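Predicted model, so just to flag it, every value in this text is computed and none were measured. Keep in mind that the numbers below use all heavy atoms, side chains included, and drop hydrogens, waters and symmetry copies. Both counts, for ligands and for their atoms, begin at 1 and track the order of listing.
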Amino acid sequence: MFNEYFEKTKGKPLSTASDRDIYESLLSFTASHMQERGYNAGKKKLYYISAEFLIGKLLSSNLINLGLYGAVAEELKSVGKSLADIESIEPEPSLGNGGLGRLAACFMDSAATLGLPADGVGLCYHCGLFAQKFKDNKQTEQPDYWIEDKNWLNRTDTQYAVKFKDFTLQSRLYDLTVTGYGNKSNRLRLFDAETVSESIIKDGIAFDKKDVDSNLTLFLYPDDSDDNGKKLRVYQQYFMVSCAAQLILDEAVERGSNLHDLADFAVVQINDTHPAMVIPELVRLLTERGIDFTEAAGIVRNVCAYTNHTILAEALEKWPVKYLEEAVPEIMQITRRLDLMVKGADETCAIVQGDLVHMAHLAIHFSFSVNGVAALHTEILKNVELKKFYDLYPDKFNNKTNGITFRRWLIGANPDLTELIRSLTGDGFLTDADRLKDLAMYENDTDVLSALDTIKTKNKLRLKEFLMKKEGVVLREDSIFDIQAKRLHEYKRQQLNALYIIKKYLDIKDGKYPDRHLTFIFAAKAAPSYVMAKDIIHLILCLSKLVAADPVASKYMTVVMIENYNVSVAEKLIPACDISEQISLASKEASGTGNMKFMLNGAVTLGTLDGANVEIADFVGKDNIYIFGKSAKEVIDLYKSGRYNPRALYSKNADIRRAVDFISDTAMLKIGDGTSLRRLQSDLINKDYFMALLDFEDYSKTKDKAFADYEDRAAWARKTLVNISKARYFSSDRTVSEYNREIWKL
Ligand SMILES: *Cc1c(COP(=O)(O)O)cnc(C)c1O
């Protein structure tokens, strides 16, 4: 079919075409098939507003969901082309940062697949998050231009005026079609500002933060370490929600709403606090259209639902009143009126406190639902972090454990495993993840277990080839692949993993060799102004160089840090993983979704009882996961008492001291930057806010045990089978069904 389409539109045969030609033609071909599908419709529609949509490349995913992937791949193969090579030309949309944005993307896929009328609403960033480049073993940032002339965006005629205090900006809506697996489509509605210009970008990702007309939609999460950066975030957020609110009301009216009954026509999911200003903006627009303030506030409360993604204070946004007054004075005034409506005895629940506006408080008071993203996280919200709000509104709080779409993370990323499961259990699992239950009966089938092992090796070879091209490193497929891939943050504790690697290195130098070659793989971006995170990247890159240059150590271990972690990299990494590192300090990772992707692809988790790891551990049982470290309760108590003392651990424990001391060893200083290495070392000894040293001993022991267990290959394959089978609960189809049943009611 594509063959014919290509010849007709290009006037030449497929066999003589360049990959770029084929890619561009395939894009149009696929888009036209998507158009034919039509859109999910209904009286009530969900608007999922999010600062991020980390959607990944779209070609394969769209072909899979249209049911055309196999046929197109065959056609290309018959003329000597590979679909994988052709997709490698596609730039990955740079519209997200990490788990929160990836979750939004998985939800879009599941909602379309389940036939729910549900659109995502966000911004069309020209450069999105930065592209990461390593230079002198350090992270540098470059703009990530991802929008090519031929792309998946559909420019629409929809435009809105967004009024700020001193000026008005005109928006333009771009739509991305999200096709359900074997179902109709929904849309991702991405707004851009007409005046934005890439020409103001200077060195790296620097630009004039005060030139809002020109910079507004250039970058996701522009550096907000200074006042102008913070103010720019406010401008961005208001632009996003004002466009969203205007779109929601226009569409609701079109579907027959008189706005008093808006809750019958629209539900808004506020993804983290970034879109929280949609609440006062909807109130403003409703009053502008003739509804009185109190009723408008009530309507909005019945329309909005809020998802909390973190208990880290830094991420619970609080904006200075001053900035809101300077950027959007009317919104500040409405926020104060809303605050008055909820003023009770407890001042700590107020929306406006002193000179700060608490965005999470705004979202909680004026939503009908507040959800956490894993069972443990929701309990911590109810009983600790948001206890006062839970006491006020016990019925609002609910849990929705995160999930991932199996279309991208199994069918797309791991075709061989997909085929094996299909041959064992039939096709049902592709739309009904519960069918993975049927895998369990093969737990003692040696043929199935050895097939799993073969597939893992094949995926390792695929990763090896990818990294050879991308980074020039050579992996060994007979090695254990231990992978930590996620945003770089102290709470995720890449530094703990690095300390273990130092210990292994020093053991090898002492003549204590591991049973088998070990491959430690990292992939992570750090926020550009997050010094400690960048220091940790520097440490890992230095260790990688140190080991590679050591003739003895390199025989037993390899350390790799992959540049520019994104969805495309994740799709290559995850299917090749043996051990999935999920080692956040207990209580700090709200859920995680990386943990679910690794598990689905047959990796065994090494982790703390944090986020969704708790549920993973319950499902797979203690023989199929490696759990270590202090519990969430112990950690919360330790913070409360203020008694954590890393220096005491450093003094007392020789293993810890040896590893921490090595960070500034002369061997390291020869490779790296002494200021950065010493700063990290000193932080670990004197502060260690996320308690890496606390869990070091247990982590080392547990990790050693996992490596030893790997040598019983049949037993290990059984663990991977149990993990794959139990991953069924973590399908985002399940999560989205729960949201719909209990919150959205579409
Ligand atoms: C899944 C995913 C994440 C989230 O990983 P966590 O381990 O849950 O933090 C981040 N980035 C990318 C590219 C992902 O695919």
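Per-residue contacts place Gly99 under 4.0 angstrom from the following atoms of ligand 1 (heavy atoms of the residue considered): 3 (C), 4 (C), 10 (C). Atoms of ligand 1 found under 4.0 Å from any heavy atom of Trp409 (numbered from 1 in listed order, with element): 15 (O). Residue Val567 approaches ligand 1 through these ligand atoms, each under 4.0 Å from one of its heavy atoms: 13 (C). Of all atoms in ligand 1, listed by their number and element, those nearer than 4.0 Å to a heavy atom of Gly98 are 10 (C). Here is the list of ligand 1 atoms found below 4.0 Å of a heavy atom in Gly592: 8 (O). Residue contact check: Thr593 has heavy atoms under 4.0 Å from atoms 1 (C), 4 (C), 8 (O) of ligand 1.
For atom 15 (O) of ligand 1, the nearest non-hydrogen atom from the set Lys525, Lys597, Gln582, Glu581 belongs to Lys597. Taking only non-hydrogen atoms, the option from Ala105, Gly594, Ala523, Ala524 nearest to atom 5 (O) of ligand 1 is Gly594.
Atom CD1 of Ile579 sits about 8.5 Å away from atom CZ of Phe520, to the nearest 0.5 Å. A distance of 11.5 Å separates CE of Met561 from CG of Asn137, quoted to the nearest 0.5 Å.
When ring centroids are compared, Tyr729 and Phe619 come within the 6.0 Å threshold. The aromatic ring centres of His538 and Phe134 sit 6.0 Å or more apart. When ring centroids are compared, Phe107 and Tyr739 come within the 6.0 Å threshold.
Distance from atom 7 (O) of ligand 1 to its nearest protein heavy atom, with residue and atom name: Lys486 NZ, 2.7 Å. Protein heavy atom closest to atom 12 (C) of ligand 1, with residue, atom name and distance, is Tyr565 CE2, 3.6 Å.
Here's the thing with Asn595: none of its N/O atoms is less than 3.5 angstrom from an N/O atom of ligand 1. Polar contact with ligand 1: present for Lys492 (N/O pair, distance under 3.5 Å). Between Arg102 and ligand 1, no N or O atom pair is found at a separation short of 3.5 Å.
The shell of residues lying under 4.0 angstrom from ligand 1, judged by heavy atoms, excludes Phe598.
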Next item on the list: Evaluate side-chain contact (heavy atoms from CB on, under 4.5 Å) for Trp146 paired with Leu95, printing each intermediate quantity in order.
Entry: CA-CA 9 Å; Trp146 64 277; Leu95 294 169; 3.8 Å; yes
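Counting only N and O atoms by type, the side chains of Asn497 and Gln484 include a donor and acceptor under 3.5 Å apart.
If you look at Asn566 next to ligand 1, the close heavy atoms, those under 4.0 Å, all belong to the backbone.
No more than 12 heavy atoms of other residues, nucleotides or ligands lie within 6.0 Å of NZ in Lys633, so this atom counts as exposed by the packing criterion.
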